[in-house]
Amino acid sequence: MNDISAKIVSALKGVLKETYDLDAEAGILNIEIPKDPKMGDYSSTCAMRLAKTLHQNPKMIAETVAEGLKGKLPEAETIEIAGPGFINFRMKKSALASVINTILDAGDSYGRNNTGEGKRILVEWVSANPTGDLHCGHARNAAWGDSICRLLEASGYDVLREYYVNDAGNQIVMLGESLIARYFEYFGKEYPLPADGYHGQDVKDIAIGLAKQDGDKWLTADSKERLEYFMTEGKERELQKIDADLKLYGVLIESWVHETLFYENNRARINACLDRMNELNLTYEKDGALWFRSTEYGDDKDRVLVKSDGTLSYMTPDIANHVYKVERGYTHLVDLWGADHHSYVTRMKAALKALGYPEGTLEVDLIQMVRMVDDGVEVKMSKRTGNAITIRELCEDVGVDAARWFFVSKDVATHMDFDMKLARSRSNDNPVYYAQYAYTRMFNILHKEGTPEFRREADYDLLNEEHETEMLKLIAEFPKIVAESAKNRTPNRVCNFCQQLSREFHSYYNSCRVSDPENPELTNQRLGLVSAVMVTMKNALDLIGVSAPEKM
RNA sequence: GCGCCCGUGGCGCAAUUGGAUAGCGCAUCUGAUUCCGAAUCAGAAGGUUGUGGGUUCGAUUCCCGUCGGGCGCGCCA
């Protein structure tokens with residue numbers, strides 16, 4: 001909500017109270033920008049929304065409300081009724097332009113809002129097994145999650161960015177065995193490489209690194225001790241690479257929670273969960289295994305917690321993981337999982353519900369599959385390594401900005417083809433550059449030799465072009481867009497916003513000259529507008545992890 | 001078979017969360033640089049929102065059916 005629409009809302013609220021003795025809720029008073037600017041700058045649908053409760057024709061309500069608004073909204077130039085009961089407001093130019101100073105005062109923090117204040121939210125994402133490099137399937141997850149965190153932070157939430165490291169399962173044993181095999185190979189010795197082990201070049205490289213660092217002492221070492229060592233080293237080195245690749249990709253993780261944490265002290269945290277579940281009569285024994293009665297909480301079958309051989313199913317430590325999040329004071333949990341794990345959502349929600357946490361504690365965004373396509377052909381493997389294309393390769397190939405824009409601009413609920421040829425192209429086909437080019441154009445205007453220095457004004461009354469009005473309305477919407485994108489976790493809307501603002505600006509640039517020596521007054525006001533648009537654009541791009549270049 | 005997700009111009013995506021004549025890019029056609037960078041702009045053409053019903057002032061959006069595509073239905077992780 002910006003200053004202007006806030007004023008409209010409060011005026012409407014007052015009138016509804018006076019004439020109908022009605023305390024209208026926020027949803028009813030929602031202010032919109034009409035698609036067609038001819039309708040007005042802002043519009044309210046409250047008359048239509050109230051038709052039922054007031055038992056009146058929406059058009060009549062609209063007329064009554066418009067009548068009541070007379071003299072109460074000095075910022076409005078005209079208030080008109082249209083269609084089935086829209087109330088359309090055309091604002092005075094100076095009222096719309098007041099947002100310029102608001103933005104220039106706020107600077108980097110323009111767009112920040114307090115809609116999430118007091119809410120503690122833990123976002124867990126990426127969470128790939130530390131057994132290999134992150135590939136482009138993870139890249140969609142990583143970009144989306146990071147943008148969600150940026151949006152939540154900008155909206156005042158207390159956010160923790162977390163990565164869950166699956167380092168307790170059999171896959172780490174396989175990693176250790178695979179490394180040992182490659183280590184032996186380096187010294188020309190035989191050691192069986194497990195069939196379901198890791199055969200890629202990346203694992204080989206780690207083994208070679210260890211061989212160079214430690215020499216051949218592990219060839220003859222105690223086998224148990226050796227496996228322990230290669231597992232730990234392998235995991236650590238894989239995690240370092242993952243961390244480095246995420247940083248390269250502009251993704252920040254603050255907290256790494258290892259699955260092994262829950263196994264510490266004889267499974268202390270896991271057993272505490274299991275004890276709680278037993279006490280609540282949520283479990284039973286069958287065929288030598290311990291089961292969770294998840295069907296009583298909406299699942300289609302009961303799930304095994306402790307297998308008949310005494311080891312734990314994947315879910316069990318993960319329940320402890322989620323309990324641990326809540327224990328640290330996070331009341332809202334968000335997980336980003338691959339869509340192939342969708343059945344797991346019901347299971348985990350069931351567990352949390354059964355343990356007594358309120359409904360809605362956990363929300364899961366499922367990320368649909370990505371196909372990498374280059375020039376119309378699906379690319380399954382990287383030519384260089386024989387494995388899936390890694391995030392690092394993707395960044396080197398198409399650039400961080402293009403990669404992140406492409407992944408964030410499409411709703412993760414839809415299947416996606418990532419067009420590498422398009423992402424790579426430095427041409428007008430590529431939507432990233434459209435937005436970035438708008439930014440460099442603005443920068444150029446302001447920093448061109450001979451452009452006078454902008455002086456802040458009390459009133460910007462000369463900005464009468466239609467494009468100017470449209471841009472003012474758009475940049476005024478930005479904090480609302482940030483707030484809603486954070487709440488709904490839809491960073492793709494920020495991409496749309498960047499596109500829209502760029503389009504408006506490019507169009508303006510071609511129809512009006514900003515810097516006009518003949519008219520210093522108008523020039524100064526336009527410089528103010530361009531500065532404000534520039535601040536907004538930079539902040540918007542930052543939310544999706546895309547840079548705002550001054551030169552291209 | 002059951003469950004979850006997705007169907008919007010030729011292609012890729014939007015649509016202010018139920019609002020007005022469904023928008024944008026690519027591709028196609030026509031134009032625009034003596035002037036802040038043409039990685040740009042202006043215009044034309046292109047649609048029964050997969051399909052059939054329902055809910056209401058109003059549906060791309062919500063509900064039910066149906067068709068098509070993807071994914072999942074382990075004491076794997």
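Residue numbers begin at 1 in each chain, while the letters A, B, ... track the order of the sequences.
Nucleotide B/U28 carries an anti base; the chi torsion (O4'-C1'-N9-C4 or O4'-C1'-N1-C2) is more than 90° from 0. Against the 90° criterion about 0, the sugar-base torsion of B/U51 places it in the anti range.
One cannot find a donor-acceptor pair under 3.5 Å joining the base of B/U17 and the side-chain atoms of A/Asn30. Put simply, the side chain of A/His342 and the base of B/G3 share a donor and an acceptor less than 3.5 Å apart. Side-chain to base pairing of A/Ser313 with B/A77: no donor and acceptor N or O lie closer than 3.5 Å to each other. You won't find any donor-acceptor pair under 3.5 Å spanning the side chain of A/Asp196 and the base of B/A77, going by distance alone.
Ranking B/U16, B/A14, B/U17 by closeness to the A/Asn488 side chain, first place goes to B/U17. Of the listed nucleotides (B/A77, B/G72, B/U40), B/U40 has the atom at the smallest distance from the side chain of A/His506. The side chain of A/Lys52 lies closest to B/U56 when the candidates are B/G3, B/A20, B/U56. The side chain of A/Ser507 sits closest to B/C41 out of B/G18, B/C41, B/C6. Closest contact between the side chain of A/Gln368 and the listed nucleotides B/C5, B/A20, B/G74 involves B/C5. Of the candidate nucleotides B/A39, B/C6, B/U17, B/U17 has the atom lying nearest to any side-chain atom of A/Glu32. Out of B/A77, B/A15, B/G37, the shortest distance to the side chain of A/Arg493 is found at B/A15.
Comparing the P positions of B/C29 and B/C36 gives a spacing of 29 Å, expressed to the nearest Å. Atom name C1', nucleotides B/G46 and B/U51: the rounded distance is 22 Å, in whole Å. Comparing the C1' positions of B/U8 and B/U49 gives an interatomic distance of 4 Å, to the nearest angstrom. Between the P atoms of B/G31 and B/U16, the separation comes to 37 Å (whole Å). Here, B/G23 and B/A15 have their P atoms 14 Å apart, quoted to the whole Å. Atom C1' of B/U56 sits at a distance of 11 Å from the matching atom of B/C62, rounded to the whole Å. With both ends at atom C1', the span from B/G12 to B/C6 equals 15 Å, rounded to whole Å. When the P atom is used for both B/U40 and B/G3, the distance is 48 Å, rounded to whole Å.
Between A/Leu366 atom CG and B/C6 atom C1' the separation is 12 Å, expressed in whole Å. For the pair A/Asp287 CG and B/G74 P, the interatomic distance rounds to 15 Å; values are reported in whole Å. In this entry the distance linking CZ of A/Phe443 with P of B/A39 reads 18 Å, nearest Å. Atom pair A/Met369:CE and B/C4:C1' shows a separation of 12 Å (rounding to whole Å applied). At whole-Å resolution of the value, CD1 in A/Ile31 and P in B/G19 are 14 Å apart. What separates NE2 of A/His415 from P of B/G12 is a distance of 13 Å, to the nearest Å. Across the protein-nucleic acid pair, A/Phe86 atom CZ and B/U16 atom P stand 13 Å apart, rounded to whole Å. Put simply, CZ on A/Arg49 is 8 Å from P on B/G18, counting in whole angstrom units.
Residue A/Cys46 is classed as having no contact, given no heavy-atom separation below 4.0 Å to the nucleic acid. At the heavy-atom level, A/Ala51 lies nowhere under 4.0 Å from the strands shown. Among the protein residues, A/Asp300 comes within range of no part of the nucleic acid, since none of its heavy atoms lies under 4.0 Å from any strand. Using a 4.0 Å heavy-atom distance criterion, A/Thr45 is classed as a base contact. Note on A/Ala82: a base of the nucleic acid sits closer than 4.0 angstrom, heavy atoms only.
If you check the side chains of A/Glu124 and A/Tyr163, you find no donor sitting under 3.5 Å from an acceptor. For the residue pair A/Thr115 and A/Asn113, a side-chain donor N or O sits within less than 3.5 Å of a side-chain acceptor on the partner. For A/Asp309 and A/Thr311, the side-chain atoms include at least one donor-acceptor pair closer than 3.5 Å. A donor and an acceptor atom, one from each side chain of A/Asp401 and A/Tyr433, are nowhere located under 3.5 Å apart.
Applying the 4.0 Å criterion to OP1 and OP2 of B/G37, one finds that A/Lys551 has every side-chain N and O outside that range. Distances shown here put a side-chain N or O of A/Arg441 below 4.0 Å from the OP1 or OP2 atom of B/A38. Phosphate contact (OP1/OP2 of B/A39, side-chain N/O of A/Tyr437, threshold under 4.0 Å): present. Distances shown here put every side-chain N or O of A/Tyr509 at or beyond 4.0 Å from the OP1 or OP2 atom of B/A39. Regarding contacts with the backbone of B/G37, a side-chain N or O of A/Lys448 is found under 4.0 angstrom from either OP1 or OP2. For the pair A/Lys307 and B/A77, the criterion of a side-chain N or O lying under 4.0 Å from OP1 or OP2 is met. Within the structure, every side-chain polar atom (N or O) of A/Asn510 is placed at least 4.0 Å from both OP1 and OP2 of B/U40.
Base pairing analysis places B/U33 opposite nothing; no Watson-Crick or G-U wobble pair with both distances below 3.5 Å involves it. Base pairing of B/C73 is made with B/G1, judged by Watson-Crick or G-U wobble geometry with both donor-acceptor distances under 3.5 Å. Nucleotide B/A38 is matched to nothing when pairs are restricted to Watson-Crick or G-U wobble geometry with both distances under 3.5 angstrom. Base pairing annotation: B/A59 forms no Watson-Crick or G-U wobble pair, as no partner gives both donor-acceptor distances under 3.5 Å. Summarising the base pairing, B/G25 is matched to B/C11 through a Watson-Crick or G-U wobble pair whose two defining distances lie under 3.5 Å. Across all strands shown, B/U16 forms no Watson-Crick or G-U wobble pair with both key distances under 3.5 Å.
Geometric assessment of A/Lys410 against the ring of A/Phe406 yields a positive cation-pi assignment under the 6.0 Å and 45° thresholds.
Nearest approach of A/Ser127 to A/Asn166, heavy atoms of both residues: O-OD1, 4.1 Å.
Note: A/Phe407 and A/Phe418 have tilted aromatic rings, judged against thresholds of 30 and 60 degrees for the angle between ring planes.
Evaluation of the salt bridge (Lys or Arg N to Asp or Glu O under 4.0 Å) test over residues 46-59 of chain A, restricted to residues two or more places apart or in two chains, returns A/Glu32-A/Arg49.
Aromatic ring centres of A/Phe292 and A/Tyr284 lie farther apart than the 6.0 Å criterion allows.
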